[in-house]
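Because the structure is a prediction, the values reported are computed rather than measured.
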Amino acid sequence: GDIRTADVIENAFANDICDFVFIGKSCVVEPHFVRLLQEGRDREIHPCIGCYVCASDQLATGAHCYCSGNGAMACESHFDLPPAEKVKKVVVVGGGPSGIEAAKVLKRRGHDVTIIAEPGRGFVELVENDLEQTPEADRAVAAAMAGMLARGADQIVLGCTHYPFLTPVLERVVAGRGVAIVDPSP
């Protein structure tokens, strides 16, 4: 159980550990898991993070099954995404479930997407100590955004928990550069 990557499957077969594998939760988060493996595109597989939301909510309440890593799970036909009218360079900040989902959707629409999984250094402390409107916050945000701006980002999607608290600072840092800050959380 709990098979999440192609490496685990290949190792199991290569070492005669089993004759077949059952892939459950990994197919909930990535419905095309097997096809992507067959096509040698395993780097495109959206991995299960093992949060068990899919199982625990449904088993506990009998409600519709959800997946924290695939917001369209079991509703894919409702989410036909048209191609972007204008392709943009988008930096998604945060490699957790919301950041990965945002990147997947943006990529499917045709945008040039980069995920930065490294958190803003000191952001947690700034937010937790109510220091969002200080020169220290301005310096920390400017330092964190330097790489994003150097990549030529047109949009920066906030997929990390503490970035939205610093939105006014983020907007000051990108002012006049033609970069949009997108907060998917409101």
The complete set of salt bridge (Lys or Arg N to Asp or Glu O under 4.0 Å) pairs with one or both residues in residues 85-95, sequence neighbours excluded, reads none
Between Val29 and Cys48, which heavy-atom pair has the shortest distance, and what is it?
-> CG1-N, 3.5 Å
Sorted by chain and residue number, the side-chain contact (heavy atoms from CB on, under 4.5 Å) partners of Lys107 (sequence neighbours excluded) come out as Val113
Give a yes or no on whether the backbone of Ile23 and the side-chain of Ser26 come within a donor-acceptor separation of less than 3.5 Å.
-> no
Between the CD atom in Glu136 and the CG atom in Leu131, the distance rounded to the nearest 0.5 Å is 6.0 Å
For the hydrophobic clusters of this structure (ILVMFWY residues joined by side-chain heavy atoms under 4.5 Å, transitively), does one cluster hold both Val8 and Ile49?
-> no
Only distances under 3.5 Å count here; give the side-chain donor-acceptor pairs of residues 165-181 to other protein atoms, sequence neighbours excluded, each with its distance to 0.1 Å.
{"unit_1": "Thr167", "atom_1": "OG1", "unit_2": "Pro164", "atom_2": "O", "d": "2.7"}
{"unit_1": "Arg172", "atom_1": "NH2", "unit_2": "Asp138", "atom_2": "OD1", "d": "2.7"}
{"unit_1": "Arg177", "atom_1": "NE", "unit_2": "Val173", "atom_2": "O", "d": "3.2"}

At their closest point, which heavy atom of Phe33 faces which heavy atom of Ile9, and how far apart are they?
-> CE2-CD1, 3.7 Å
Can you list the residues that meet the salt bridge (Lys or Arg N to Asp or Glu O under 4.0 Å) rule with Glu39, with sequence neighbours excluded?
-> Arg35, Arg41
Closest heavy-atom pair and its distance - Ala144, Phe123 = CB-CZ, 3.7 Å
Taking the side chain from Asn15 and the backbone from Asn11, do they hold a donor-acceptor pair closer than 3.5 Å?
-> yes
Output all residues satisfying side-chain contact (heavy atoms from CB on, under 4.5 Å) with Val87, sequence neighbours left out; order by chain, then residue number.
-> none
Those residues at least two apart in sequence (or on a different chain) that pass side-chain contact (heavy atoms from CB on, under 4.5 Å) with Asp16 are none
From CG (Leu126) to CD (Gln133), nearest 0.5 Å | 10.5 Å
Provide the full list of salt bridge (Lys or Arg N to Asp or Glu O under 4.0 Å) pairs with a residue in residues 146-160, sequence neighbours left out, each pair given once.
-> none
Taking side-chain hydrogen bond (donor to acceptor under 3.5 Å, both in side chains) as the test, write out the residues that go with Asp42, two or more places apart.
-> none
Using the rule that two of Ile, Leu, Val, Met, Phe, Trp, Tyr join whenever any of their side-chain heavy atoms come within less than 4.5 Å, decide whether Leu158 and Val124 are in one cluster.
-> no
For atom CG of Asp19, is the number of surrounding heavy atoms from other residues, nucleotides or ligands below 6.0 Å larger than 12?
-> no
How many angstroms lie between atom CD1 of Ile156 and atom CE of Met145, to the nearest 0.5 angstrom?
-> 3.5 Å
With Asp130 via side-chain contact (heavy atoms from CB on, under 4.5 Å) - residues at least two apart | Glu132
Mind listing the closest non-hydrogen atom pair of Val157 and Ala102 along with its distance?
-> CG1-CB, 4.1 Å
